[in-house]
Protein chains: 2
Amino acid sequence: MDIQQLIEHGFAIKVYLKDALIYEPGMLPRYVYFIKSGEVRMVTVSEDGKEFIQGIFKTGQYFGEPALIINRKYLAYTIANKESEIIPVGRKQFFDLIETTPGFSINLIQTLSNRLFYKSMMLEELANEKAEHRLLTIINYLLNDIEVGDSLKVTRQDLADMTGLRVETVIREIKILSGKGLIEVKRGKIIRPDKSRLAI
Amino acid sequence: MDIQQLIEHGFAIKVYLKDALIYEPGMLPRYVYFIKSGEVRMVTVSEDGKEFIQGIFKTGQYFGEPALIINRKYLAYTIANKESEIIPVGRKQFFDLIETTPGFSINLIQTLSNRLFYKSMMLEELANEKAEHRLLTIINYLLNDIEVGDSLKVTRQDLADMTGLRVETVIREIKILSGKGLIEVKRGKIIRPDKSRLAI
DNA sequence: TTCGAAACATGATTTAGATCATAATTTGCA
DNA sequence: TGCAAATTATGATCTAAATCATGTTTCGAA
């Protein structure tokens, strides 16, 4: 589904400022959210306040469908990482889109499959693997999405929040991985090396 | 998609004996598997041999689509838990089904959304919550699928393999949960009580 | 009905990573 | 460009759960 098409169909754009809350756990889903510009993060928060990043969504992507489709309360908070233009699409309109927009249904199926793949991979890591392995897996996964020579723009805290580790542990393990030559770090930044070791 | 329809359309049924391997990590997906009868488990295995149960699939369900849809190698082993009749449906036929079978597309979207929901819940648990909380969450999730008064038919090892814990930890924590009255245990079996505390 | 294998149980010890404390860098923005 | 806030860094201690060891109980097949 093209965002431009949505706008032409008359859907309203809503602006969320940085750190604005889009929805929170316990709310019943009423919309699917399409991102015209900006970025949001989806996080769950444990009883003692620790965040886990369930996903990051960027321009052109949409989020919030699973809870709406199966009609269950949200599990996560979704928060704007920066000022973002979001198009909320109501339940009925969303199902209309699925039925009437050619290719949207298969696009949704692929999107869900991709997320499922990522979550299966992370579940295996969190259930069974030690800190070093977890970090290497996530780092290689993230490196896949950037150009050779570029660096990851995530903080150690972000990596901690994606792996369920603590920031001190991430800092220590990154040093170890770097020392072993398993990742390349320049001035604190993790770089995508010329030859990517892992094609995930 | 109705299994009976598949059979009428001439798809062959393959029988897997108990503990037979259906696919393993690294293989490129060629089929989606529909279960006519029986049960399979999908597990990932860590470097040191520890299993994690990614999912259990039963009669009438299908599995293996995400990897096929996004065309990536399988991450998990899929193994018959008991003798099972399985209908492998090739890539092309599967996409034909999506396009031509009324309701199949939306059924697939719902199925994927449900699995995503479960995996998001488990990721939060594995990333942030302690053994007791993890176990209580999974137990309540599983209790939802059985009748009041019935008992869970999973072993402590199964619970360990679903939560990333060790069997000794599961045994000890179940005693604690039972002692606190948070779960009901009779002769070693976890029972679904009259009033279910948690509707997840 | 018995016998061997699963499953459940429990104590002792170890350990990976959390937690706590404190400081050095880096960043962005006033 | 100066300075507070964010990020990175590092050592010391603590702890939840893993690991190891060794039963006991339950179950299913012969």
Side-chain angles (χ1 to χ4, degrees), chain A residues 17-19 41 45-53 81-83 125-139 151-180 183-191, chain B residues 17-19 41 45-53 81-83 125-139 151-180 183-191:
Chain A
L17 299 180
K18 181 169 160 55
D19 296 325
R41 71 177 186 279
V45 178
S46 72
E47 280 170 6
D48 45 316
K50 198 182 163 207
E51 287 199 8
F52 176 75
I53 298 179
N81 267 345
K82 48 178 89 162
E83 185 170 324
E125 292 292 329
L126 297 204
N128 279 338
E129 307 292 356
K130 298 217 195 321
E132 186 182 319
H133 194 284
R134 274 193 225 183
L135 268 170
L136 187 56
T137 299
I138 260 263
I139 287 172
S151 69
L152 289 185
K153 65 273 143 274
V154 295
T155 65
R156 319 273 137 144
Q157 184 64 60
D158 290 335
L159 290 172
D161 290 347
M162 286 186 269
T163 52
L165 299 169
R166 291 300 183 168
V167 67
E168 297 94 330
T169 304
V170 170
I171 287 165
R172 291 186 246 253
E173 294 294 335
I174 283 182
K175 282 198 198 312
I176 291 170
L177 285 170
S178 174
K180 289 185 180 176
I183 60 174
E184 193 177 327
V185 180
K186 279 196 185 112
R187 301 203 311 103
K189 296 289 169 196
I190 299 164
I191 310 285
Chain B
L17 298 181
K18 180 168 160 56
D19 296 325
R41 72 177 186 279
V45 177
S46 72
E47 282 170 5
D48 45 314
K50 198 182 163 209
E51 287 198 9
F52 176 75
I53 299 178
N81 267 346
K82 49 179 90 159
E83 184 170 324
E125 292 292 330
L126 297 203
N128 280 337
E129 306 291 359
K130 296 217 197 321
E132 185 182 321
H133 194 283
R134 275 194 224 182
L135 267 170
L136 187 55
T137 299
I138 278 237
I139 287 171
S151 69
L152 290 185
K153 65 269 142 278
V154 295
T155 64
R156 319 274 138 146
Q157 184 64 58
D158 291 335
L159 290 172
D161 290 348
M162 285 186 269
T163 51
L165 299 169
R166 291 299 182 168
V167 67
E168 298 93 328
T169 305
V170 170
I171 288 166
R172 290 187 246 254
E173 294 295 334
I174 283 181
K175 281 198 199 310
I176 291 170
L177 285 169
S178 174
K180 289 186 179 175
I183 61 174
E184 193 177 327
V185 180
K186 276 198 186 111
R187 301 201 313 101
K189 295 288 169 197
I190 299 165
I191 311 284

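Hydrogens, waters and symmetry mates play no part in the numbers below; they use all other heavy atoms, side chains included. Please read all numbers here as calculations on a predicted model, not as lab measurements.
- If you take CD of Glu125(A) and P of dG17(C), they are 12 Å apart, rounded to a whole angstrom.
- The side-chain contact (heavy atoms from CB on, under 4.5 Å) check on Lys18(A) picks up nothing, with sequence neighbours excluded.
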Report each atom pair, protein N/O against N/O of nucleotides 28-30 of chain D, whose distance is under 3.5 angstrom.
none

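- Note: Ile190(B) CD1 to Ile139(B) CD1 = 4.0 Å, rounded to the nearest 0.5 Å.
- The CE atom of Met162(A) sits 12.0 Å away from atom CD of Glu51(A), with the distance rounded to the nearest 0.5 Å.
- Straight-line distance from the CG atom of Asp48(A) to the P atom of dA18(C): 12 Å, rounded to whole Å.
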When the side chains of residues 126-135 of chain B are checked against the rest of the protein, which donor-acceptor pairs come out under 3.5 Å, sequence neighbours left out?
residue: Asn128(B); atom: ND2; partner: Lys50(A); partner atom: O; Å: 3.2
residue: Asn128(B); atom: ND2; partner: Glu124(B); partner atom: OE1; Å: 3.2
residue: Glu132(B); atom: OE1; partner: Lys180(B); partner atom: NZ; Å: 3.1
residue: Glu132(B); atom: OE2; partner: Lys180(B); partner atom: NZ; Å: 2.9
residue: His133(B); atom: ND1; partner: Glu125(B); partner atom: OE1; Å: 2.9
residue: His133(B); atom: ND1; partner: Glu125(B); partner atom: OE2; Å: 3.3
residue: His133(B); atom: NE2; partner: Glu47(A); partner atom: OE2; Å: 3.1
residue: Arg134(B); atom: NE; partner: Glu129(B); partner atom: O; Å: 3.3
residue: Arg134(B); atom: NH1; partner: Thr163(B); partner atom: O; Å: 2.7

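- In this structure, the CD atom of Glu132(A) is 12 Å from the P atom of dA16(C), given to the nearest Å.
- Between Ile174(B) and Leu159(B) there is a side-chain heavy-atom pair separated by less than 4.5 Å.
- A 4.5 Å side-chain heavy-atom check between Val185(A) and Ile191(A) finds every atom pair outside the cut-off.
- Separating the CD1 atom of Ile176(B) from the C1' atom of dT10(C) is a distance of 13 Å, rounded to the nearest angstrom.
- Taking atom NZ of Lys50(B) as the reference point, atom C1' of dA17(D) lies 10 Å away to the nearest angstrom.
- Rounded to whole angstrom, the span from the CD1 atom of Ile190(B) across to the C1' atom of dA7(C) amounts to 13 Å.
- Rounded to whole angstrom, the span from the CG atom of Asn81(B) across to the P atom of dA6(C) amounts to 15 Å.
- More than 12 heavy-atom neighbours from other residues, nucleotides or ligands sit within 6.0 angstrom of NZ on Lys153(A).
- Near DNA chain D, meaning a heavy atom under 4.0 Å from it, residues 157-174 of chain A has Glu168(A), Ile171(A), Arg172(A) in order of number.
- Note on residues 164-175 of chain A: no pairs pass salt bridge (charged side-chain N to carboxylate O under 4.0 Å, His left out), not counting sequence neighbours.
- Asp161(B) contributes no side-chain N or O that, together with a main-chain N or O of Asp158(B), makes up a donor-acceptor pair within less than 3.5 Å.
- Dashed line: the shortest gap from a side-chain N or O of Lys175(A) to OP1 or OP2 of dT10(D) is under 4.0 Å.
- Straight-line distance from the NZ atom of Lys130(A) to the P atom of dG17(C): 6 Å, rounded to whole Å.
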Q | nucleotides 23-30 of chain C: protein proximity per nucleotide (B base, S sugar-phosphate only, - neither; heavy atom, under 4.0 Å) | A | --------

